[in-house]
Structure formats: structure tokens, C-alpha cells
Amino acid sequence: MALYPIKFSPIFKYRIWGGEKLRTKLNKDYTEANIGESWEISDVKDDETVVSAGDFQGKTLKELIGEYKGDFVGNSVYEKFGNAFPLLIKFIDAKTPLSIQVHPSNEIAKKRHNSFGKNEMWYVMQADENAKLIVGFDKEITAIDYKKHIANNTILDVMHHENVEKGDTFYIPTGRVHAIGAGVLLAEIQQTSDITYRIYDYDRVDSKTGKKRDLHNDLALDVIDYQVHDNYKTKYKVDKNQSNTLVHAPYFKTNIICLEGTIEKDYAYVDSFVIYICVEGTLSLVHDHVDYKLNQGETLLLPSSVNTVKVTSKNAKILEVYY
């Protein structure tokens with residue numbers, strides 16, 4: 001059976017900080033309260049996304065990789081990861097701030113959790129007035145200083161707070177402390193991992209459990225990058241109808257296409273799947289004489305064997321992701 005561009009049914013996640021924007025802004029279909037994350041493409045154990053339409057409807061991401069191997073993910077990707085998919089794609093809505101957190105490297109995550117590490121990036125799709133992200137430190141500290149700040153509830157005093165607006169992009173390597181602030185809706189691209197070390201959570205109580213959430217400061221202590229960096233936000237070009245580099249890291253490559261009109265893309269040179277994330281507007285993608293519609297807040301996976309596509313829009317922005 002021939003491979004084709006694939007949409008998956010998202011998995012919605014309750015979060016203590018979740019809001020309503022995934023439904024009101026991105027037209028996601030759910031009824032629960034406090035939905036903070038929409039997992040668009042996932043191979044996380046017990047949270048594998050399922051194909052929503054076409055001949056493969058009902059199949060999981062892992063089943064397709066197992067059946068089609070390199071034709072689905074790319075030969076080099078399959079040689080490295082086997083039947084595991086290397087990326088997790090999400091939309092995140094923070095009605096209230098996320099906890100301050102940090103993620104371990106591949107080496108530490110493998111040793112402690114038998115997992116990938118969690119390098120990730122954010123693309124801000126919408127931000128309320130004065131909305132902020134926390135990324136890294138404004139003041140260089142030591143592990144000893146850090147422990148004092150945690151004990152005194154003053155860790156926020158030394159962290160870098162940055163006002164954000166639509167289009168802002170941040171790369172979050174492992175070791176960098178970070179948090180999404182209240183009023184931010186964003187797309188997140190990350191390694192397939194659900195390992196998070198929570199270091200500060202505003203002393204809040206989860207209404208579902210009636211308890212405060214666990215902190216992981218002992219685990220975080222030797223993971224954190226305590227240095228101050230000159231700049232935390234990613235600069236990029238927005239040339240029309242081009243693949244403009246956003247973040248190219250060893251774990252994923254992400255470009256942005258500002259689409260006006262029609263372009264033809266040939267991915268024969270990319271030995272990888274390609275993921276389109278529509279972050280603004282709506283578009284039409286044609287492959288093998290079949291027209292696929294993609295609206296803001298929707299995601300489409302092009303298997304590695306799907307090389308040529310024609311993409312049309314009056315005005316859309318697409319994140320183009322591959323390994």
C-alpha cells in the first residue's frame with residue numbers, strides 16, 4: 001500500500017496550568033477543562049498517536065514505522081532509532097505559568113530513566129499582553145547558590161524573564177532551566193521523551209489531587225547549566241516562499257515557510273520524514289493528485305517516500321520539521 005501524507009488524531013492532556021485556547025484558538029475538539037497540551041505526533045509509550053483518515057486509519061505511528069521502516073522515517077533515521085520515532089510534536093496552552101523545570105541530557109536520561117534526553121524548541125503562536133517566558137539565568141550562580149535560592153523561594157529572582165509575542169522562537173537545550181508563562185500559546189518540537197525535573201512550582205495545589213506536585217531538585221542539581229548566555233531568543237529570516245532556518249540542532253531541524261501563492265517542494269534529498277505544522281492561516285497540499293487541507297493548529301506528516309508536494313496558500317506560516 002502506497003504511503004501518503006498522514007494526519008494523526010491528537011491526544012489531549014490535562015494540566016494544572018491548562019486553559020481553553022487549544023479549543024478557542026486552534027479549534028481542537030474536546031470537552032474537558034484545563035487541557036494544556038495537544039500531542040499531535042507521539043510515540044511515547046501508552047500515548048501513541050493514531051492515524052485519523054485514509055487507508056491507514058486506526059494504525060499507530062509505531063505500527064507504520066514497523067511496517068514501512070526507512071520508507072516511512074528515512075533509512076538513516078531507521079538505522080539509528082529502529083521502530084522508535086525520535087520526535088514529539090505538541091501545542092501548549094498556558095493559562096497560568098508552568099513550573100520552572102529542566103531536562104536531562106541523552107546520557108543522563110539513558111542512565112537514570114532508559115530514555116532519550118529532551119532538547120526542545122518553542123514557536124510562539126499567540127501571546128497575551130505582557131506574557132513572558134522564563135529561559136535561563138540573568139545572574140550566574142553556582143550549585144550552592146542554587147540550593148540557597150530554592151530553600152529561600154528566591155529562584156525566580158535570578159532567572160531570565162522575557163516578554164514574548166507571536167513568532168518568537170526559543171531553543172531549549174538540555175540543562176537550560178525554563179518555563180512557559182501565563183497567556184502563551186505555542187508549538188513545541190522536542191525529542192521523544194517525557195522526562196522533566198520540576199524545580200519550582202509556586203507552592204500551588206493540584207485541584208485534581210488536592211496535593212502539591214513533586215519537585216526534583218536533587219536530580220536537577222547536576223543537570224542545570226548555571227551560566228548566563230548573551231541571548232536566549234532565536235533570530236531568523238522570513239523570506240517569502242523559502243525554507244528559512246529556525247533551529248537546526250543534532251536532534252531535529254526546523255524551518256519556517258511564509259507561504260503566499262504556490263510552491264513545489266522536493267524532499268528527495270532529505271533522508272527523513274518531514275512534518276508540517278501550520279502555525280498561521282490555512283493551506284492546501286497536493287500529493288499524487290490528492291488535496292490535503294491544513295488549518296492553523298493542524299499537523300501533517302510526510303513519510304520519507306513522499307518526495308514531491310505542491311503547497312498553496314494566500315497567507316500561511318508553516319513549520320517544516322525533519323531529522
Side-chain angles (χ1 to χ4, degrees), residues 15 17-28 35-38 40 89-101 119-138 156-173 176-190 202 228-249 252-260 275-283 294-299 313-321:
R15 297 292 184 252
W17 39 261
E20 300 82 31
K21 287 182 182 176
L22 295 174
R23 180 172 57 232
T24 60
K25 300 288 187 184
L26 302 187
N27 296 310
K28 298 296 180 183
I35 295 298
E37 299 186 6
S38 175
E40 298 290 305
I89 308 297
K90 302 176 181 177
F91 295 114
I92 297 179
D93 167 30
K95 185 175 183 178
T96 58
L98 274 69
S99 63
I100 312 299
Q101 55 191 247
N119 290 269
E120 63 189 23
M121 66 160 284
W122 297 331
Y123 178 89
V124 177
M125 297 174 65
Q126 186 271 335
D128 296 347
E129 187 175 0
N130 296 320
K132 294 177 174 64
L133 297 175
I134 293 176
V135 187
F137 293 103
D138 270 338
L156 293 175
D157 295 346
V158 295
M159 302 202 69
H160 177 73
H161 299 68
E162 185 149 352
N163 284 78
V164 292
E165 59 186 20
K166 183 172 70 172
D168 284 350
T169 298
F170 295 82
Y171 178 54
I172 312 294
R176 183 164 296 171
V177 292
H178 60 277
I180 303 170
V184 177
L185 173 68
L186 57 76
E188 180 176 274
I189 297 143
Q190 60 158 91
Y202 305 93
V228 173
H229 296 269
D230 293 336
N231 187 40
Y232 294 99
K233 186 163 67 173
T234 300
K235 296 180 180 179
Y236 61 94
K237 295 181 180 179
V238 286
D239 295 337
K240 292 179 182 178
N241 297 334
Q242 303 291 323
S243 293
N244 301 283
T245 298
L246 274 186
V247 173
H248 281 201
F252 52 80
K253 296 177 176 64
T254 302
N255 304 318
I256 187 166
I257 302 172
C258 304
L259 182 62
E260 292 186 15
I275 297 169
Y276 277 10
I277 307 170
C278 185
V279 292
E280 187 174 326
T282 185
L283 62 94
L294 203 62
N295 300 312
Q296 181 188 33
E298 292 186 326
T299 303
S313 176
K314 291 182 179 179
N315 189 6
K317 288 187 171 67
I318 315 159
L319 302 187
E320 177 188 53
V321 184

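Numbering starts at 1 and runs along the sequence shown.
Nearest heavy atom pair, residue F252 against residue N119, reads CE2-O, 3.6 Å. Between I256 and K317 the shortest heavy-atom distance is CD1-CD, 4.3 Å. A pairwise comparison of heavy atoms in A94 and I180 identifies CB-CG2, 3.8 Å as the closest pair. Of all heavy-atom pairs spanning A127 and V124, the tightest one is CB-CG1, 4.1 Å. Shortest non-hydrogen contact noted between A131 and G183 is CB-O, 4.1 Å. In terms of heavy atoms, Q296 sits closest to V279 at NE2-O, 3.2 Å.
Rounded to the nearest 0.5 angstrom, K90 NZ and E120 CD are separated by 7.0 Å. Within the model, atoms CD1 of I318 and CG of L259 stand 5.0 Å from one another, a figure rounded to the nearest 0.5 Å. Here the straight-line distance linking atom CD1 of I92 with atom CD of E188 works out to 3.5 Å at 0.5 Å rounding. Between T254 atom OG1 and I89 atom CD1 the span is 7.5 Å, to the nearest 0.5 Å. Residue T96 holds its OG1 atom at 9.0 Å from OH of Y202, rounded to the nearest 0.5 Å. Here the OG1-OH distance, from T169 to Y236, works out to 4.0 Å after rounding to the nearest 0.5 Å.
A heavy-atom distance below 4.5 Å is not found between the side chains of K25 and M125. Inter-residue side-chain proximity for I35 and R23 is flagged as unmet; no heavy-atom pair is nearer than 4.5 Å. With a 4.5 Å cut-off on side-chain heavy atoms, D138 and V228 do not count as touching. Annotation: side chain of E298 is not in contact with side chain of L26 (no heavy-atom distance under 4.5 Å). At a threshold of 4.5 Å between non-hydrogen side-chain atoms, the residues H229 and R176 count as touching. At least one side-chain heavy atom of E320 sits under 4.5 Å from a side-chain heavy atom of Y276. Residues N255 and L246 are not in side-chain contact: their nearest non-hydrogen atoms beyond the backbone lie 4.5 Å or more apart. Here the side chains of L186 and V164 are not in contact, with every heavy-atom distance at 4.5 Å or above.
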Trace of the side chain to side chain contact (heavy atoms under 4.5 Å, CB included) decision for F137 with H160
CA-CA 5 Å; F137 293 103; H160 177 73; 6.0 Å; no
Let's go through V177 and I134 carefully: what are the C-alpha distance in whole Å and the side-chain angles of both, what is the deciding distance for side chain to side chain contact (heavy atoms under 4.5 Å, CB included) to 0.1 Å, and is it a yes or a no?
CA-CA 8 Å; V177 292; I134 293 176; 5.9 Å; no
Start with the C-alpha distance between L133 and D168, add both sets of side-chain angles, then the distance that settles side chain to side chain contact (heavy atoms under 4.5 Å, CB included), and finish with yes or no.
CA-CA 10 Å; L133 297 175; D168 284 350; over 6 Å; no
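Applying the side chain to side chain contact (heavy atoms under 4.5 Å, CB included) test to S38 and every residue at least two apart in sequence or in another chain returns P10, F12, L22, K28, E40, F91. Residues satisfying the side chain to side chain contact (heavy atoms under 4.5 Å, CB included) test with A249, not counting sequence neighbours, are Y171, V247, Y251.
Aromatic ring pairs are classed by plane angle as parallel below 30°, tilted from 30° to 60° and perpendicular above 60°; the pair H178 and W122 is perpendicular.
Screening K21, K95, K166 against D128 for a salt bridge (charged side-chain N to carboxylate O under 4.0 Å, His left out) leaves a single residue, K21.
Remark: side-chain polar atoms of N315 are not paired, donor with acceptor, to backbone N or O of G281 under 3.5 angstrom.
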